[in-house]
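Here is the naming used below: chain letters follow the sequence lines, and residue numbers restart at 1 for every chain. On a predicted model such as this, the values are computed, not experimentally measured, just so you know.
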2 protein chains.
Amino acid sequence: MGHAETIPKKRQLVEAAAGLFHEQGVATTTLADIAAAAKVALGSVYYYFKSKDDLVCSVIDQRKDTIARLIARQETISDPRDRLGALVQVWVEDNDIDALYGCPVGSICFELARTRGPLSEQATRPFRLLLDWCEKQFRLLGAGDKSDRYALHIISALQGISLTAAVFGEAEMITKEAEHLQEWLQTI
Amino acid sequence: MGHAETIPKKRQLVEAAAGLFHEQGVATTTLADIAAAAKVALGSVYYYFKSKDDLVCSVIDQRKDTIARLIARQETISDPRDRLGALVQVWVEDNDIDALYGCPVGSICFELARTRGPLSEQATRPFRLLLDWCEKQFRLLGAGDKSDRYALHIISALQGISLTAAVFGEAEMITKEAEHLQEWLQTI
DNA sequence: GTCTATACAGTGATAGAC
DNA sequence: GTCTATCACTGTATAGAC
């Protein structure tokens, strides 16, 4: 009774970790930081997660789910071109936060994939989801063989502009590149 | 007498650090790692650098110089369009290493800029150099007002594809996106 | 389940012999 | 200049009371 409205502590920890990983990176974020942000004791973290890597794994999973929901939301749009345009607009909407810390998905996936450790395979999943969805949209647009190239282009453009805008801390860079991408989409 | 061929230890440390920062990131690379790679004792690092941050600063500076030399080399090409094309080809040449660890400039600049610490301003410089040079080339091509947008597009495309290829560990992604960029350059 | 206390392994940085 | 030894501190992880 009433346990529907209590956010489970496990989720609370994952969300706090996700935010801190985005702002500071995985390597520089300590479990003490996360515990404090989630308002639980340091020792309690190990009741929910057997290690830091285990928590990191849950964060990647949460990011993957976010992407999945994002994609699902676009499916209500009838035209595949408009769906891709709407995806680009997501970056524009988040341009202020992305210009500070980069893309929340790209930054963590890159940091973990680069290590070539056990988490690197896991880190490809949110990306794969997004890439495959884009390719499908281009295919629906009749791009045929070029669909995978186009998908790669739009995703890497969004990732690259997030990185570049974060380096300079300039949110307008994202809107500028987004306009460029929207124009390009019309030519497909 | 003969000191021309002895690589100064300071440079040796900077190069070892640059390599490790690229492969593992700044945060996860220890001074012990760097000292071992440069074949000097841990304590000796502090004879040349007053802190880890000081060494990091030197690495950024070295990256900036590398970009400066890269740009200078393109100046021998007469057509600005070909100069930009040659820049893209640099990423293709290094596609194997970039597909493992990302762009050596982008990864470190992003990691440091995100912290919003004292090194973040320093970390923008290699990027600024590259961006300004590209804008100048587009201006020479007659792109006028659009030159800054085009410069942003080419740089963020190169950064984004490096990041994406590194996530998946697929070097062919870089060549694929490079072809796309080369075709785009012809339309300017 | 949640907490405090603590063990244990690094890590940046310093001291001082040679 | 280059080294070894060590300090002070932080971070992950565990033990055990409640």
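Minimum interatomic distance between A:A166 and B:R116 (heavy atoms only, all atoms of both residues): O-NH2, 2.5 Å. Heavy-atom minimum distance, B:V40 versus B:K9: CG1-CD, 3.4 Å.
Contacts of B:T28 with the nucleic acid, taken as non-hydrogen atoms under 4.0 Å apart, are absent. Among the protein residues, B:T30 comes within range of the sugar-phosphate backbone only, with heavy atoms under 4.0 Å from sugar or phosphate atoms but none that close to a base. Note on B:V45: nothing from the nucleic acid sits closer than 4.0 angstrom, heavy atoms only.
Across the protein-nucleic acid pair, B:Y46 atom OH and C:dT11 atom P stand 12 Å apart, rounded to whole Å. The CG-P distance, from B:L31 to C:dG12, rounds to 4 Å in whole Å. Going from atom OH of B:Y48 over to atom C1' of C:dG12 covers 19 Å, rounded to whole Å. Residue B:I34 contributes atom CD1, which lies 11 Å from atom P of C:dA13 at whole-angstrom precision. In this structure, the CG atom of A:D33 is 8 Å from the P atom of D:dT12, given to the nearest Å. To the nearest angstrom, P of D:dT12 lies 15 Å from NZ of A:K50. Atom-to-atom, CG of B:L42 to C1' of C:dA15 comes out at 13 Å; the value is rounded to the nearest Å. Atom-to-atom, OH of A:Y47 to C1' of C:dT2 comes out at 10 Å; the value is rounded to the nearest Å.
Of all nucleotides listed (D:dC3, C:dC3, C:dA13), C:dC3 comes nearest to the side chain of A:S44. With C:dG12, D:dA13, D:dC3 as the choices, the nucleotide that has an atom nearest any side-chain atom of B:A41 turns out to be D:dC3.
Comparing the end axes of the helix from C:dG1-D:dC18 to C:dC18-D:dG1, each fitted to five base pairs by superposing C1' atoms of four pairs onto the next four, gives an inter-axis angle of 10° (nearest 10 degrees).
With respect to B:R149 and A:E183, a salt bridge is recorded, a charged nitrogen being found less than 4.0 Å from a carboxylate O.
Within the 4.0 Å cut-off from OP1 or OP2 of D:dT2, at least one side-chain nitrogen or oxygen of B:K9 is found.
Residues B:F138 and B:I154 form a side-chain contact, since some pair of their non-hydrogen atoms from C-beta on lies under 4.5 Å apart.
Remark: the A:D33 side chain and the A:T30 side chain contain an N/O donor-acceptor pair separated by less than 3.5 Å. With hydrogens and angles left out, the side-chain atoms of B:S58 and B:D61 include no donor and acceptor closer than 3.5 Å.
Using cut-offs of 30° and 60° for the angle between ring planes, the B:H153 and A:H180 rings count as parallel.
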